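Taking it in order: structure first as structure tokens, then the write-up.
Just so you know, these numbers use all the heavy atoms, side chains as well, and skip hydrogens, waters and symmetry mates. Quick caveat: nothing in here was measured; it's all calculated off a predicted structure.
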Amino acid sequence: MFDIKWISANPEAFDAALAKRGQSPLSASLISLDEKRRAIVTELNSVQEKRNTSSKQIGQAKAQKDESRAAELMAEVAGLKDRLAELDASEKALTEELRNALSGIPNIPLVEVPEGVDEHDNQPYFRPNESEATRPAKPNLHFAPKEHYELGERMGGMDFEGAAKLSGSRFVILKGQIARLERAIGQFMLDLHVNEHGYTEVQPPLMVRDEALFGTNQLPKFEEDLFFVPHGDSRLGLIPTAEVPLTNLVRESILSEGELPLRFTALTPCFRSEAGSAGRDTRGMLRQHQFNKVELVSITTPETSGDEHERMLTCAEEVLKRLGIHYRVMTLCTGDMGFGAQKTYDIEAWLPGQNTYREISSVSVCGDFQARRMDARYRDADGKPQFVHTLNGSGVAVGRALIAVMENYQNADGSISIPSALQPYMGGITKIGG
RNA sequence: GGAGAGAUGGCCGAGUGGUCGAAGGCGCACGCCUGGAAAGUGUGUAGGCGGGCAACCGUCUCGAGGGUUCGAAUCCCUCUCUCUCCGCCA
């Protein structure tokens, strides 16, 4: 969410940034709405001031038993009442209107983000001294590779038809060695981030209030992507990603600069209705209503969020390096970025069965966009509260990592070798389904 | 599910209609004291919003929302959350 003061001070910059996102200019209407609001607030304050002074004088008059003076003042204050109620109501309405308008505007991209309309304009990302060769190579398969669901169904470890009987489409039942492999991948990634990358492990609630979903931008615009369960007279939302509870850990608080950065990680189920993706990726477990994911969240100062973004990308990449899975990193273009992001890197894993790259992680820096929605601040060197910066990234999606391991480590006979990094989590075995 | 208690500043805790954003203590910051430190001592120490170049002024906030009143932390209503006991339960 944007600061209306910043928009007022930089209307051209704001509209230009919106244009990069393919949005029409909004500064003029927002500024005039804010001016209306401020005029009301100013008048409201002065009427309140009048009421407060008179009320104090009434108290003094009564203390001095000057009943006629008191009655006179009371009549005066009574005359302010209607106006006061009127101003109060319109102040609330205008503030609400402004907040609604602001909360529907997507974050603006950092200057270095490439401009573009969709995923075709995303750009490969390499650091200096980095190339395809410095990343794990594609597997050398001397046979026609199968897709993960063929491999999984063949060994009785993936049951889509059974899941459909229980829950409909976009669910899967994992069994036996595949279920264990999925668990091993999650544990491996969580341990990596906790033990080597300095993240604090968290087990958050999987059901959250609307306020939390507003904080991380799922509401109000993306309600149809979520599942809700009734709760009393209200409801709770099933988290579509652990980004929601982890980021909201700092909501409505003022942190000290010394405790930043905060780094949280969690392995949780995620629930998505996939309302907008009917017909896409219907085969297999690439796109499910429920899947496990290891999430990374960082809370930083404004000065350090850029470096933290690079660091977080490194943490997510390390998963694929240890698993020995070929991947590429893409800088998302302005048209393909999520609503709350200033800049996003996607990590795409190579899937031999599909003969293509598929997104396995998305790492975003949000600036103070979410912090404003959550009212999450820290005290800077001058002791003044400032909004924190928030970052989130998958580290990585467990279901998709399972797909990647299966397809990249498949053998001609349909068995799957276990990457060495996962063997300790699999009781030391080196192959399943053989 | 039944019965009861409670929610005040970073923390503890006073405050049952007027000058209370709020005593006192702790913590923290700065100063004095000291060779240095401790102890002692003095001062300061919430956030939002509006106005102002600023100093500053005003306003709102004592869980949230509404009401009574000239005036509410204090009275009334609704909600949320926390705690205790009983029941049930992984």
Side-chain angles (χ1 to χ4, degrees), chain A residues 1-9 30-103 203-215 229-237 245 248-260 262 269 368 371-388:
Chain A
M1 191 160 75
F2 286 96
D3 179 7
I4 184 62
K5 288 181 188 164
W6 183 85
I7 296 173
S8 300
L30 291 169
I31 290 170
S32 94
L33 184 58
D34 183 51
E35 278 168 357
K36 238 194 307 187
R37 184 189 127 264
R38 287 188 353 247
I40 296 289
V41 168
T42 302
E43 189 184 348
L44 176 63
N45 282 356
S46 82
V47 175
Q48 284 170 331
E49 181 182 4
K50 212 171 291 175
R51 179 203 58 196
N52 290 347
T53 352
S54 299
S55 290
K56 277 179 191 170
Q57 290 169 351
I58 292 168
Q60 287 162 358
K62 290 213 164 184
Q64 292 161 14
K65 307 267 190 249
D66 186 349
E67 290 301 329
S68 67
R69 172 73 181 141
E72 187 183 316
L73 285 162
M74 280 162 72
E76 199 179 300
V77 175
L80 300 173
K81 256 194 134 176
D82 287 349
R83 185 65 186 147
L84 207 54
E86 204 176 296
L87 288 166
D88 194 56
S90 54
E91 186 271 326
K92 279 188 176 139
L94 287 165
T95 300
E96 176 78 6
E97 196 185 331
L98 185 63
R99 183 175 168 82
N100 287 343
L102 289 171
S103 67
Q203 284 202 37
L206 306 179
M207 298 186 276
V208 297
R209 297 171 183 278
D210 282 13
E211 293 90 311
L213 291 161
F214 178 86
V229 293
H231 180 57
D233 296 332
S234 178
R235 65 178 185 178
L236 288 170
N248 276 281
L249 287 177
V250 297
R251 70 177 291 115
E252 292 165 61
S253 61
I254 304 179
L255 307 161
S256 65
E257 186 164 358
E259 49 189 319
L260 301 178
L262 289 169
D368 64 10
R372 288 181 184 283
R373 293 173 159 248
M374 297 188 298
D375 194 22
R377 294 170 292 172
Y378 76 102
R379 236 173 254 288
D380 67 14
D382 297 328
K384 300 192 75 170
Q386 309 284 353
F387 288 106
V388 297

ask   = Would Gln57(A) and Thr53(A) count as having a side-chain donor-acceptor pair, cut-off 3.5 Å?
value = no
request  = Could you grab the distance from atom CZ of Arg99(A) to atom CZ of Arg373(A), nearest 0.5 Å is fine?
outcome  = 8.0 Å
note = Ranking rU80(B), rG47(B), rG50(B) by distance to the side chain of Lys5(A), first place goes to rG50(B)
key: Reported NZ-to-CD1 distance for the pair Lys384(A) and Ile254(A), which is rounded to 0.5 angstrom   = 12.5 Å
task = May I ask you to verify if any side-chain N or O of Arg379(A) is less than 4.0 angstrom from the OP1 or OP2 atom of rU45(B)?
result = no
ask   = How far does the P atom of rU8(B) sit from the matching atom of rC62(B), given to the nearest Å?
value = 12 Å
message = What I want to find out is whether Lys5(A) reaches Asp34(A) closely enough, with some N-O distance under 4.0 Å, to be called a salt bridge.
response = no
ask   = How far does the C1' atom of rC76(B) sit from the matching atom of rU16(B), given to the nearest Å?
value = 14 Å
inquiry  = For the P atoms, the ones on rG58(B) and on rU41(B), what distance do you get once it is rounded to whole angstrom?
reply    = 34 Å
note = 5'-most contact on RNA chain B (nearest-nucleotide basis), Glu49(A) vs Ala39(A), goes to Ala39(A)
task = With rounding to the nearest 0.5 Å, note down the distance linking CD in Glu72(A) to CD1 in Ile58(A).
result = 10.5 Å
query = Separation of Leu98(A) atom CG from rC49(B) atom P, in whole Å?
reply = 12 Å
task = Mind checking the CD1-CG spacing from Ile40(A) to Asn45(A)? Nearest 0.5 Å is all I need.
result = 11.5 Å
remark   = Rounded to the nearest 0.5 Å, the CD1 atom of Ile31(A) sits from the CD1 atom of Ile4(A) at a distance of 6.0 Å
Earlier contact from the 5' end, RNA chain B, for Ile4(A) and Arg209(A) = Ile4(A)
P-based separation of rU84(B) from rG13(B) [nearest Å] = 16 Å
When you compare the protein's N or O atoms with those of nucleotides 51-53 of chain B, which come within less than 3.5 Å of each other, and at what distance?
unit_1	atom_1	unit_2	atom_2	d
rG51(B)	OP1	Arg38(A)	NE	2.8
rG51(B)	OP1	Arg38(A)	NH2	3.4

Pairwise P distance, rG21(B) and rU74(B) [rounded to whole Å] = 13 Å
message = Can you tell me if Arg37(A) touches the phosphate of rC49(B), counting only side-chain N or O atoms and a distance under 4.0 Å to OP1 or OP2?
response = no
Distance between P atoms of rA23(B) and rU43(B) (Å, rounded) = 14 Å
inquiry  = Can you tell whether the side chains of Arg83(A) and Glu43(A) come within less than 4.0 Å, N to carboxylate O?
reply    = yes
task = Could you encode protein contacts along nucleotides 60-79 of chain B as a string, one character per nucleotide from 5' to 3', using B for base contact, S for sugar-phosphate-only contact and - for no contact, with a heavy-atom cut-off of under 4.0 Å?
result = S-----S---BS--------
query = Once you round it to whole Å, what is the distance between C1' of rG58(B) and CG of Leu87(A)?
reply = 15 Å
ask   = With rounding to whole Å, what would you report as the distance between rG25(B) and rG44(B) at their P atoms?
value = 13 Å
task = Take the protein atom CD of Glu211(A) and the nucleotide atom P of rU80(B), then report the distance between them rounded to whole Å.
result = 12 Å
request  = Could you work out the separation of rC12(B) and rG52(B) based on their C1' atoms and round it to a whole Å?
outcome  = 39 Å
message = I want to check something: taking the side chain as every heavy atom from C-beta on, are Arg377(A) and Val388(A) in contact at a cut-off of under 4.5 Å?
response = no
query = RNA chain B: stems of at least 3 consecutive Watson-Crick or G-U pairs, cut-off 3.5 Å?
reply = B:1-7 with B:80-86, B:10-12 with B:24-26, B:27-32 with B:40-45, B:46-51 with B:56-61, B:63-67 with B:75-79
task = Starting at atom CG of Leu255(A), determine the distance to atom P of rG10(B), rounded to an integer number of angstrom.
result = 13 Å
inquiry  = Quick check for you: to the nearest 0.5 Å, what is the distance between Glu86(A) atom CD and Leu80(A) atom CG?
reply    = 12.0 Å
message = Taking Phe387(A)'s backbone N and O only, do any of them form a donor-acceptor pair with Asp368(A)'s side chain (distance below 3.5 Å, no angle check)?
response = no
ask   = Is it true that Glu35(A) and Arg38(A) make a salt bridge, defined as a side-chain N closer than 4.0 Å to a carboxylate O?
value = no
message = Can a donor-acceptor pair be found, under 3.5 Å and without considering hydrogens, that links the side chain of Arg51(A) to the backbone of Leu84(A)?
response = no
ask   = For Asp380(A) and rG47(B), what is the distance between atoms CG and P respectively, to the nearest whole Å?
value = 11 Å
